[in-house]
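Structure in structure tokens, see below.
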Amino acid sequence: MSPVETFPPEKWDLIMALNLSSCFHLIRHTLPGMRERGYGRIINIASVHGLVASAHKSAYVAAKHGLVGLTKAVALETAGSGVTCNAICPGWVLTPLVEAQIDARAKAKGLSFDAAKVDLLSEKQPSKQFVTPDDLGELAVFLCSPAANQMTGVSLPMDGGWTSQ
């Protein structure tokens with residue numbers, strides 16, 4: 001996290017490779033088989049930052065916005081083929097990276113870890129609860145189900161109300 005003018009270019013390239021280019025390459029390699037079978041489900045894990053921005057996160061925001069755009073482009077290219085392409089856009093999930101941010105916040109503000117979690121969540125996620133991996137898995141299962149046959153090109157936020165503000 002840093003302002004765009006001080007963001008290291010090598011970190012920019014790494015974040016783009018991990019969060020955008022890797023998805024492009026995987027889709028490019030797997031799509032022919034899906035087309036042959038007349039069926040496939042592509043589910044990109046974007047982020048709430050694919051829908052809205054936050055300061056000091058230019059590379060991550062740009063990569064996730066790019067992934068939402070890639071999702072839409074692939075959905076249009078596969079429409080009517082039996083292949084769908086959608087994106088899940090989680091808000092805060094309690095990952096090791098987020099835990100490190102909570103630790104830093106706790107130290108900087110003189111808070112307990114639990115108080116720092118509430119402080120972090122209160123800034124963006126109105127539910128004040130973390131999205132869980134199980135929540136995300138259930139949404140992915142739905143997107144693979146017949147009920148989602150006509151859902152394609154959609155970016156679904158699971159963010160405790162973050163993008164509703």
Side-chain angles (χ1 to χ4, degrees), residues 1-5 7-98 101 123-127 129-165:
M1 291 179 43
S2 71
V4 69
E5 68 269 14
F7 199 85
E10 61 279 359
K11 286 207 178 223
W12 173 276
D13 293 341
L14 177 63
I15 288 170
M16 290 297 160
L18 290 172
N19 291 289
L20 180 56
S21 297
S22 61
C23 297
F24 161 77
H25 292 296
L26 184 60
I27 291 167
R28 189 174 70 81
H29 286 292
T30 58
L31 189 54
M34 291 180 187
R35 284 188 189 276
E36 274 181 35
R37 287 185 296 282
Y39 180 85
R41 295 293 182 260
I42 300 166
I43 303 170
N44 292 315
I45 305 300
S47 166
V48 68
H49 282 110
L51 304 171
V52 297
S54 291
H56 301 155
K57 296 184 178 185
S58 59
Y60 188 75
V61 168
K64 294 303 186 173
H65 268 75
L67 186 54
V68 167
L70 176 64
T71 298
K72 291 177 180 183
V74 172
L76 291 174
E77 291 178 19
T78 59
S81 71
V83 177
T84 64
C85 184
N86 294 292
I88 297 174
C89 300
W92 289 116
V93 178
L94 192 57
T95 64
L97 181 63
V98 172
Q101 290 178 31
E123 283 183 6
K124 303 272 187 174
Q125 207 148 299
S127 69
Q129 297 176 355
F130 288 99
V131 176
T132 69
D134 287 344
D135 295 335
L136 299 170
E138 290 293 328
L139 181 52
V141 168
F142 168 75
L143 289 172
C144 292
S145 76
N149 282 345
Q150 292 303 312
M151 286 185 76
T152 193
V154 177
S155 298
L156 297 163
M158 183 170 280
D159 61 8
W162 184 329
T163 55
S164 295
Q165 301 178 80

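Computed from a predicted model, the values in this text were never measured in an experiment.
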Contact summary for P126 and G160, nearest pair of heavy atoms =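 Here P126 and G160 meet closest at CD-O, 3.1 Å.
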
Going by heavy atoms in the side chains, are V61 and S58 under 4.5 Å from each other?
-> no

Answer yes or no: is there a side-chain heavy-atom contact under 4.5 Å between L136 and P90?
-> yes

Do H56 and S2 touch side chain to side chain, with heavy atoms closer than 4.5 Å?
-> no

Within-4.5 Å side-chain heavy-atom neighbours: Q125 and V131 |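 When only atoms from C-beta onward are counted, V131 and Q125 do touch, with a gap below 4.5 Å.
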
Can you list the residues that meet the salt bridge (charged side-chain N to carboxylate O under 4.0 Å, His left out) rule with E36, with sequence neighbours excluded?
->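 By the salt bridge (charged side-chain N to carboxylate O under 4.0 Å, His left out) rule, E36 matches no residue at all.
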
Contacts table for residues 68-87: side-chain donor-acceptor under 3.5 angstrom, sequence neighbours left out:
residue: T71; atom: OG1; partner: N44; partner atom: ND2; Å: 2.8
residue: T71; atom: OG1; partner: L67; partner atom: O; Å: 2.8
residue: T78; atom: OG1; partner: V74; partner atom: O; Å: 2.8
residue: T78; atom: OG1; partner: A75; partner atom: O; Å: 3.4
residue: T78; atom: OG1; partner: V83; partner atom: O; Å: 3.4
residue: S81; atom: OG; partner: T78; partner atom: O; Å: 2.5
residue: S81; atom: OG; partner: V83; partner atom: N; Å: 3.2
residue: N86; atom: OD1; partner: G153; partner atom: N; Å: 3.2
residue: N86; atom: OD1; partner: V154; partner atom: N; Å: 3.0
residue: N86; atom: ND2; partner: M151; partner atom: O; Å: 2.9

Of all the heavy-atom pairs spanning F142 and A147, show the shortest one and how long it is.
-> CE1-CB, 3.6 Å

Going from CZ on F130 to CG on D159, what distance comes out if it is rounded to the nearest 0.5 angstrom?
-> 13.5 Å

Mind checking the OG1-CD1 spacing from T30 to I42? Nearest 0.5 Å is all I need.
->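 Rounded to the nearest 0.5 Å, the OG1-CD1 separation comes to 5.5 Å.
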
Hey, could you give me each pair passing ring pair (Phe, Tyr, Trp, His ring centres under 6.0 Å) that has a residue in residues 58-89? Not counting sequence neighbours.
-> H49-Y60

Are the side chain of S54 and the backbone N or O of K57 linked by a donor-acceptor pair below 3.5 Å?
->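 No, S54 side chain to K57 backbone: no donor-acceptor pair under 3.5 Å.
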
To the nearest 0.5 Å, how far apart are OG1 in T163 and CG in L51?
-> 6.0 Å

Output all residues satisfying side chain to side chain donor-acceptor pair (under 3.5 Å) with Q165, sequence neighbours left out; order by chain, then residue number.
->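 With sequence neighbours excluded, Q165 shows a side chain to side chain donor-acceptor pair (under 3.5 Å) to no residue whatsoever.
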
Look up atom OG in S127 and atom CE in M158, then write down how far apart they are to the nearest 0.5 Å.
-> 11.0 Å

Write out all pairs satisfying ring pair (Phe, Tyr, Trp, His ring centres under 6.0 Å) with one or both partners inside residues 77-96, taking only residues at least two apart or from two chains.
->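 Residue pairs passing ring pair (Phe, Tyr, Trp, His ring centres under 6.0 Å), neighbours aside: W92-W162.
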
Indicate yes or no: at least one non-hydrogen side-chain atom of L156 is less than 4.5 angstrom from one of L143.
->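 Yes, at least one pair of side-chain atoms sits under 4.5 Å.
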
What pair of heavy atoms forms the shortest contact from A140 to I43, and how long is it?
-> O-CD1, 3.6 Å

Return a table of donor-acceptor pairs under 3.5 angstrom between the side chains of residues 10-29 and protein atoms on other chains or two or more places apart.
residue: N19; atom: OD1; partner: K64; partner atom: NZ; Å: 3.3
residue: N19; atom: ND2; partner: I15; partner atom: O; Å: 3.1
residue: S22; atom: OG; partner: L18; partner atom: O; Å: 2.7

Check: C89 and S47 side chains under 4.5 Å, non-hydrogen atoms = no

